[in-house]
Each structure stands twice: as structure tokens, then as C-alpha cells.
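We count residues from 1, following the sequence as given. Just follow the structure's listing: the first ligand is 1, and inside any ligand the first atom is 1.
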Amino acid sequence: MDNSKSTQPIGLFDSGIGGTSIWREIHALLPNEDTIYLADSKNAPYGPRSKDEIIALSFKNTDYLLEQGAKIIVVACNTATTNAIKEMRAKYDVPFIGIEPAIKPAATNTKTNTVGILATKGTLSSELFHKTVADFKDTKVIEQVGYNLVQLIEDGKTESEEVFSLLQQYLQPMVDENIDYLVLGCSHYPYLLPQIKRILPPHVKIIDSGEAVARQTKSVLEKNGLLNTTPHQSSQAFYTNLDTAVLQSFVPGFPVSKKDF
Ligand code: DGL
């Protein structure tokens, strides 16, 4: 156990602002931890990119976070996790926490035997995702790529009619097939909840992986002697390589700065 690192920050990255939904859960559970969040908005969306490109971007983000002294890396992006976590774990010594679509709780609890998943093309075409779905052969899993949603959120258009009409197009066929669970398989999508709830009937449960990732982060920090137990006023830093205004609108009151990474 290496306790000397425990006061160093938790590093998180995403292709953009989406992973702030994960940061929120981590900060709520571990308020004493310092965090550094990277929004790689310049390279968003990751979803349509090749596996090799996603691995290279994930290495770049990890290198930057380690330079800032991160003691653990939270990959707050399903696309980067499902395409690059194996390669990141092989290359670096630091512990990694990944985020994957929460198929298991949906497939275990469905009463209609039909669940929907909305995620990026990169996530749905990954080997890791295919393996997960293969574990639940008895459940019908309706997969839908959320084309253009990430870009619209990155452009600050989360509440637009354009987003609503895309969501209708993606979700109505799932409703027609009688899903009782919708899995949000992209860390940007929890910000679409108000719009999604306007479309889905109230009995359809919507799940994402944010809380589970926060619990997992806590447990890995504990196991590695990395939990920050020093009482202090924690610091939360947010870095973007594009527009600070959009990121700031998702984390009001916290410091956001533009960095070259
Ligand atoms: N927020 C990311 C995810 O969880 C990436 C979305 C994207 O850049 O396409 O998949």
C-alpha cells in the first residue's frame, strides 16, 4: 500500500462535458477528494472514431492527468472504456476505473424480457460490449446508436427541439417493442433525462452507471490505501481544450480553465 499518494487528486476524462455526470456522483460520495476533470471537447465525439484513434486519445488524456499528479484515473466515457481500457491498464501502473453500459441490472430485472440501450457507435461495436450482451442471451436487447446527440450537447443544445426529435426517433421504436428498461450507455446522456422522460411511458426505468462508478472508485481507493483522509477544503478543477463556457454551464460555481492537452 502506498499511502503517500493519497492526497493527490483523482483524474477523470471524457471526450467532452458528459463525464461531469460521473464526476458529480464521485464528488457527492467522496467530497474530501481533490479532482481534475479533462473535457477533450476538441476531439469529440469519440463515438464514430476507430478503436486505434480512441486508444491514442485515451493515452494522451491519461498522460496529461498523470503529469498533473493523478493517483487514479476514472475513464468517465463508455466509448473510451469499451475500446481502450485493456490497453490503458497494460500501459500504465496507476489504477483505472471504467464505465460500461449497465446491461446487467436491466437484463436481470426486466419483466418484459426486452430492454433498450442508447449508446455511441464506438461502444455498441466494441468487443467488450458484445461480450456483456452475450451473457444475457434470454433478454432481447434493442441497441440504438445516439447519432449526433453528443455533438449537440457539446454545442450547448441539450434542451433543443432538434435533440428532442432525434430522441423520439431513437426511443419510440423501443417503446413499441415494450421495453421496461432503458440503459443510458454514454456519460453525456444523463443530461437528456428531462427530454427522455417526456418520451418514455412512466413505467420504463432509466438506468445509468454513475453511482456504481462512484462506489467502485471509493472501493478501489480504499483497497490501494489511496483514500484521502486528511481533513481539508477539497479542490475541484475542470480543464477543457475548447470552449470554457459550455463546460462551465455544466459545473456552475467550479473553476473551469482552458488548457492545451
Ligand atoms: N461521453 C462518451 C461516452 O460515454 C463519449 C461520447 C462521444 O464522444 O461520442 O461514450
For the residue pair [X] and [Y], categorise the inter-ring angle as parallel (less than 30°), tilted (30 to 60°) or perpendicular (more than 60°).
{"X": "Y239", "Y": "Y64", "answer": "perpendicular"}
{"X": "F238", "Y": "Y37", "answer": "tilted"}
{"X": "Y92", "Y": "F96", "answer": "tilted"}

Going by heavy atoms, is G18 under 4.0 Å from ligand 1? no

So, applying side-chain contact (heavy atoms from CB on, under 4.5 Å) with [X], which one of [options] is it?
{"X": "I97", "options": "I73, T217, I10", "answer": "T217"}
{"X": "F59", "options": "N61, L57, I55, T62", "answer": "I55"}
{"X": "D34", "options": "Q8, Q233, H232, K71", "answer": "H232"}

[atom] - nearest protein heavy atom and its distance:
{"atom": "atom 10 (O) of ligand 1", "value": "T79 OG1, 2.6 Å"}
{"atom": "atom 9 (O) of ligand 1", "value": "G47 N, 2.8 Å"}
{"atom": "atom 7 (C) of ligand 1", "value": "Y46 N, 3.3 Å"}

Residue-level breakdown please: for [X] versus ligand 1, do any non-hydrogen atoms fall below 4.0 Å on the side chain, on the backbone, on both, or on neither?
{"X": "D14", "value": "side chain"}
{"X": "C77", "value": "both"}
{"X": "N78", "value": "both"}

I need the atoms of ligand 1 closer than 4.0 Å to a non-hydrogen atom of [X], numbered in the order shown.
{"X": "P45", "answer": "7 (C), 8 (O), 9 (O)"}
{"X": "V150", "answer": "6 (C), 7 (C), 8 (O), 9 (O)"}
{"X": "T120", "answer": "6 (C), 9 (O), 10 (O)"}

May I ask you to check if ligand 1 and [X] share an N or O to N or O distance below 3.5 Å?
{"X": "H188", "answer": "yes"}
{"X": "T123", "answer": "no"}
{"X": "A44", "answer": "no"}

Donor-acceptor side-chain pairing of S41 and E154 below 3.5 angstrom: yes

Decide whether E33 and T35 meet the rule of one side-chain donor and one side-chain acceptor closer than 3.5 Å. no

If we only count heavy atoms from C-beta on, is the Y147 to L166 side-chain gap below 4.5 Å? no

